[in-house]
Each structure stands twice: as structure tokens, then as C-alpha cells.
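In what follows, chains carry the letters A, B, and so on, assigned in the order in which the sequence lines appear, proteins first and then strands, with residues in each chain numbered from 1.
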Protein chains: 2
Amino acid sequence: MPLTKRQKEILTFLREYLKERGYSPSLAEIARYFGIASLNAIYKHLKVLEEKGFIKRLSNRARSIRIVEQEVAAEHMVPLLGSIAAGHPIEAVANPEEIPVPESLLTKGNNYVLRVEGNSMIEESIRDGDLIIVERRDFATNGETVVALIDGQEATLKKLYREDGRVRLQPANPTLFPIFVEEDRLRIQGVVVGLMRKY
Amino acid sequence: MPLTKRQKEILTFLREYLKERGYSPSLAEIARYFGIASLNAIYKHLKVLEEKGFIKRLSNRARSIRIVEQEVAAEHMVPLLGSIAAGHPIEAVANPEEIPVPESLLTKGNNYVLRVEGNSMIEESIRDGDLIIVERRDFATNGETVVALIDGQEATLKKLYREDGRVRLQPANPTLFPIFVEEDRLRIQGVVVGLMRKY
DNA sequence: TGCCTTTTTTCACCTTTCGTTCACTTTTCT
DNA sequence: AGAAAAGTGAACGAAAGGTGAAAAAAGGCA
């Protein structure tokens, strides 16, 4: 059951009030908060919210509103923003589609997905066609695998280590040699947090 | 049912609006966003979107648009049966847990998941800790990547080719040499259909 | 028990927002 | 050129949101 704007506002207020104070507000308090003069307006809003299943209340009981927690079905839809091939710029698509990603592969942050093109990252155990899940941020701690642009042009996907004012990009494969770049030539686009492959 | 350009734009706008605000826009708001003067244009677009099954709405109800999530969004629970390390038997756990796997990585058949231990399959771009999704069957067609037991003991994970009465197990990495075994020493446990990795 | 306070519930009525429908025009695509 | 898709502008009715006052219930307290 969808909510209207006002209903949503009131539900949000109820959530916050309950979280902060531990008990629910009276109709008068809700009315005062929204600058509404009549309790009846609030009363009707609460009635609708209850009908739509967002709250529960005991009749005639003061401050008896409870919030019904939605099992928001934990939407795991994440945008597939485009494709990445080592040595090329990241290619974004105009209207990114949303694809399902298991919650276990996501982080708290802002996640997106890139399709890997070519086998240039095979040394990181990443193959053509793989989908990598990335957390969008512009910094990384030592040892994290980052999606980064060198000189704003070449995309790369390597483990990052900072040392003596420069950055070492270390391939996952220990037999390969690392790349060293100055900090200011590197723009971190995100940190790799997961991978999906379809055979 | 395919969408036109405009219909897709509107659907995208609805998705974003709903995601950000938690309630649906009014027809007037949609019209304003697209610079359209008449509500009727919006009305007809919504009608088409509903007929094509992309949204649902309640008649005469304000802000009552709901997005019908495509079934592609579904995730299925698949049992994590145990772990596999090349050269060892597959190690099954007693009470397999069920983990969510996006539908896109599953097949019609009977699927299960194995956790990869060790980096012995690094040449197949499969690393320690990866989860592989397997379709359970005892046969495979040429070129499929199979989970198989040699002599009932050693697990392996390679591309399979039948030739002149024996079986060639070809590593994904073309620089490595294939293994040849007699048909009757090999027991196919399933075919790899997907992979998930958490960093 | 009866009284007071706080809070919810109900009434009749009003205003604004919103969805729906009409007849008609313009644009886009084949 | 013709059909489908997209858009115009105005009118109307229904739903949502709100007013103000009064009644009814619940709980605390002397």
C-alpha cells in the first residue's frame, strides 16, 4: 500500500520520536510539530496509516502507536553502470539497468556494478564478462583492491598500497611487478567488494 | 512488452522518485519534471505502463503508483554443500546452510554451492574463498567446466572434452597442459554455472 | 468514590490536491 | 501518407488534508 507525501512525513516523524523518546507522541504533539490546528487531521492520518499496515495502535489508549516494521524485502538491486577494461577509460552506459546482487556481496556504502571486458585482469582472477561489485569512494586503505583511473584515462584494478608519498599498485599475482604512481595522478573510483561470474 | 523511449524515461523517473522519497509523484509533478504541459499526457503514459505490467496503481487514489518488480529481481536460496580443494575429496558439511544467489547465476536444474579452498584453481580464475554455483548432473557436454572426482578421490574443476574414448580435462589457462583420464575413472559431480566472490 | 488532567474519538463542514475525462493538435516512425 | 505515440488545455468529481468544537475514555490522586 503506497503512502502519500503527508502520510510518509508523519510516519517518519513517528519513527524518530519513538526512537528518541521510547514512547509514542500524543495526537496534539504530532499536530504541533506539523503546525496543524486540528487533532482530527492527525487522527485521520493515523487511521489511514493503520489501515495501510504501517502502524498499530490500541483504541482509546494514550500514546499507544507502534511501528510495524516492513520486511522491506531487502532490495538488492544495484545499478550496472558500464564496463571496464584495463588500460581504457571506464565506459558508462546512459540508462544503467538495475541487477540483483546477493546481500552478502554488498557493503553498507554506495554500491555499483561494472562488467569486465577482456582478459587483461586475468592475473587478478578476473575474467572477461565478470561482474564486479564496487563500493563508490575516493579513498582506500592499504591492501584494498581499487578501481582507479591513472591520469584520468587508464582504468586499472589492483591492490593499493601507499608508501613514501607515492602509491604502489600491486597485482594479485605475486610474480607480476607492481606499478608505482604519484598520488595526484591517481583517481580512485571505488573499492572492489565482490564479483559474480556466469559460465 | 517493450517500452518506448518516453515510457522508459518515465519509469526510470518513477523508480528514482520512489526510491528517494518513499512515495510516488503526482501526475503534475511528473509533468513538471519532463516539461510537459498537460496532465493527460502523463495520464496516458501511466495507463500504458500499467497495461504493459510495469506499474500498478489504485484508481482515483493520490500518489498510489507502485512499481512491479521484474521477476529478474528474484534471488533464490541455494544450499552451500561444503568445500572443494583441488586434489582432495569434496568435503561436505552436515547441515548445509542456504545462501541467496541471484537468479541470473542459476540454471533450471538442481543447483548447489561449494566454497573453494586454497588457490589450487587459480589458473581457472578461481581463488581461495570463492563460492562456485554448480548444477548437479552426471554428464557434461564438451567445453563445459565440470566439478569431477578422479578415482573417487581427487576433486578437480576443469573444462571437459571427450575424445577417442577418453576424457581431456583442459585448464582454462591455455599455457597449462591438459590431463587425460579414462572415462570410467571420472565421476562428474556437476557443472559449474556461476561464481561469487567477496573481497 | 468522585474529580481532574490528558488523550483519543467523533461530528459537521471547508479547502486544496489530485486523478480522470473530453475533444483536439503535434510529433515520430515506418 | 497513415498509424501510433506524444502532447494541449480545460472541466469535473473524488480523495486527501485540514478546521473547530464537543464527547468519551483512561489514568492518577485526594
Side-chain angles (χ1 to χ4, degrees), chain A residues 1-68 70 94-95, chain B residues 1-68 70:
Chain A
M1 272 292 202
L3 294 180
T4 68
K5 188 178 179 185
R6 202 48 148 176
Q7 288 158 11
K8 169 85 182 176
E9 286 172 358
I10 291 181
L11 186 59
T12 300
F13 171 71
L14 291 179
R15 278 219 184 82
E16 282 179 13
Y17 191 106
L18 256 100
K19 188 174 170 186
E20 278 183 23
R21 325 261 292 238
Y23 54 89
S24 59
S26 69
L27 304 216
E29 284 171 340
I30 303 172
R32 194 178 328 129
Y33 178 87
F34 287 101
I36 290 173
S38 170
L39 295 187
N40 182 244
I42 305 302
Y43 182 76
K44 285 195 289 187
H45 277 131
L46 295 181
K47 207 164 159 185
V48 173
L49 283 174
E50 185 162 24
E51 278 165 7
K52 292 188 177 175
F54 288 84
I55 63 172
K56 277 207 175 251
R57 28 192 266 137
L58 308 172
S59 56
N60 282 314
R61 284 293 193 299
R63 299 174 186 271
S64 63
I65 303 168
R66 274 174 307 151
I67 304 236
V68 175
Q70 311 300 102
N95 286 328
Chain B
M1 273 287 207
L3 293 181
T4 67
K5 186 181 173 194
R6 203 47 148 176
Q7 288 159 9
K8 184 160 187 171
E9 285 173 358
I10 291 181
L11 187 58
T12 300
F13 172 70
L14 292 178
R15 277 220 184 82
E16 281 178 14
Y17 192 107
L18 265 135
K19 190 172 172 184
E20 275 183 25
R21 327 255 300 231
Y23 54 89
S24 60
S26 67
L27 303 215
E29 284 171 343
I30 303 172
R32 193 177 328 129
Y33 177 87
F34 286 101
I36 289 172
S38 172
L39 295 187
N40 182 245
I42 306 301
Y43 182 75
K44 285 194 290 187
H45 278 130
L46 294 182
K47 207 164 161 184
V48 173
L49 283 174
E50 184 161 26
E51 279 165 7
K52 292 187 178 175
F54 288 84
I55 63 172
K56 279 203 176 252
R57 26 192 260 129
L58 309 173
S59 56
N60 277 311
R61 283 292 193 299
R63 299 174 187 270
S64 63
I65 303 168
R66 272 175 304 161
I67 304 239
V68 175
Q70 310 304 97

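Which of D/dT19, D/dA25, D/dA5 sits closest to the side chain of B/T4 comes down to D/dA5. When the nucleotides D/dT19, D/dG7, D/dA16 are ranked by their closest atom to the side chain of B/R61, D/dA16 comes out on top.
Atom CG in B/L27 sits 11.5 Å away from atom CZ in B/R32 (nearest 0.5 Å). Note: B/I65 CD1 to B/L46 CG = 4.5 Å, rounded to the nearest 0.5 Å. Distance check, rounded to the nearest 0.5 Å: CZ of A/R66 to CD of A/E50 gives 9.5 Å. Atom CD of A/E9 is separated from atom CG of A/L11 by 11.0 Å, given to the nearest 0.5 angstrom.
At least one side-chain heavy atom of A/I36 sits less than 4.5 Å from a side-chain heavy atom of A/R6.
Between A/F34 and A/F13, the distance separating the two ring centers is shorter than 6.0 angstrom.
In terms of position along DNA chain C, the nucleotide closest to B/R63 lies nearer the 5' end than the nucleotide closest to the other residue of the pair B/R63 and B/Y43. Closest-nucleotide positions on DNA chain C for A/K5 and A/K44 were compared, and the one nearer the 5' end corresponds to A/K44. DNA chain D is contacted by both B/K52 and A/A62; B/K52 maps to the nucleotide lying nearer its 5′ end (nearest heavy atom per residue).
Using a 4.0 Å heavy-atom distance criterion, B/A41 is classed as a base contact. In this structure, A/L39 reaches the bases: a heavy-atom distance under 4.0 Å links it to at least one base atom across the strands shown. Residue B/I36 is classed as a sugar-phosphate contact, given heavy-atom separations below 4.0 Å to backbone atoms only. Backbone-only engagement by B/S59 is indicated by non-hydrogen atom pairs under 4.0 Å involving sugar-phosphate atoms exclusively.
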*Before giving the answer on side-chain contact (heavy atoms from CB on, under 4.5 Å), spell out for A/L3 and A/V48 the whole-Å C-alpha distance, their side-chain angles and the decisive distance to 0.1 Å.*
CA-CA 9 Å; A/L3 294 180; A/V48 173; 5.9 Å; no
*asked:* side-chain contact (heavy atoms from CB on, under 4.5 Å), that's the test. Do A/L14 and A/Y17 meet it? Break it down for me.
replied: CA-CA 5 Å; A/L14 291 179; A/Y17 191 106; 5.8 Å; no
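Crowding of B/K52 atom NZ: a count of heavy atoms from other residues, nucleotides or ligands under 6.0 Å exceeding 12.
The nearest whole Å value for the distance from the CG atom in A/L46 to the P atom in D/dG18 is 12 Å. Rounded to whole angstrom, the span from the CG atom of B/L27 across to the C1' atom of D/dA15 amounts to 13 Å. Atom CG of B/L3 and atom C1' of D/dA5 are 13 Å apart (whole Å). Counting to the nearest Å, the C1' atom of D/dA6 and the CG atom of B/L49 are 13 Å from each other. Rounded to whole Å, atom P of D/dG13 lies 13 Å from atom CG of B/N60. Straight-line distance from the CD1 atom of A/I42 to the C1' atom of D/dA16: 13 Å, rounded to whole Å. In this structure, CD of A/Q7 is placed 10 Å from P of D/dG18, rounded to the nearest angstrom. Taking atom NZ of residue B/K8 and atom C1' of nucleotide D/dA6, one finds them 19 Å apart after rounding to whole Å.
Taking 3.5 Å as the limit, the base of D/dG18 and the side chain of A/S38 contain no donor-acceptor pair of atoms between them.
Put simply, B/H45 has no side-chain N or O that comes within less than 4.0 Å of OP1 or OP2 on D/dA5.
Nucleotides of DNA chain C with any atom under 4.0 Å from a heavy atom of chain A span, from 5' to 3', C/dT7 to C/dA12.
In this structure, the helix from C/dT1-D/dA30 to C/dT30-D/dA1 shows an angle of 40° between the axis at its start and the axis at its end, each fitted on 5 base pairs and rounded to 10°.
With hydrogens and angles disregarded, a donor-acceptor distance shorter than 3.5 Å links the side chain of A/R63 to the backbone of A/S24.
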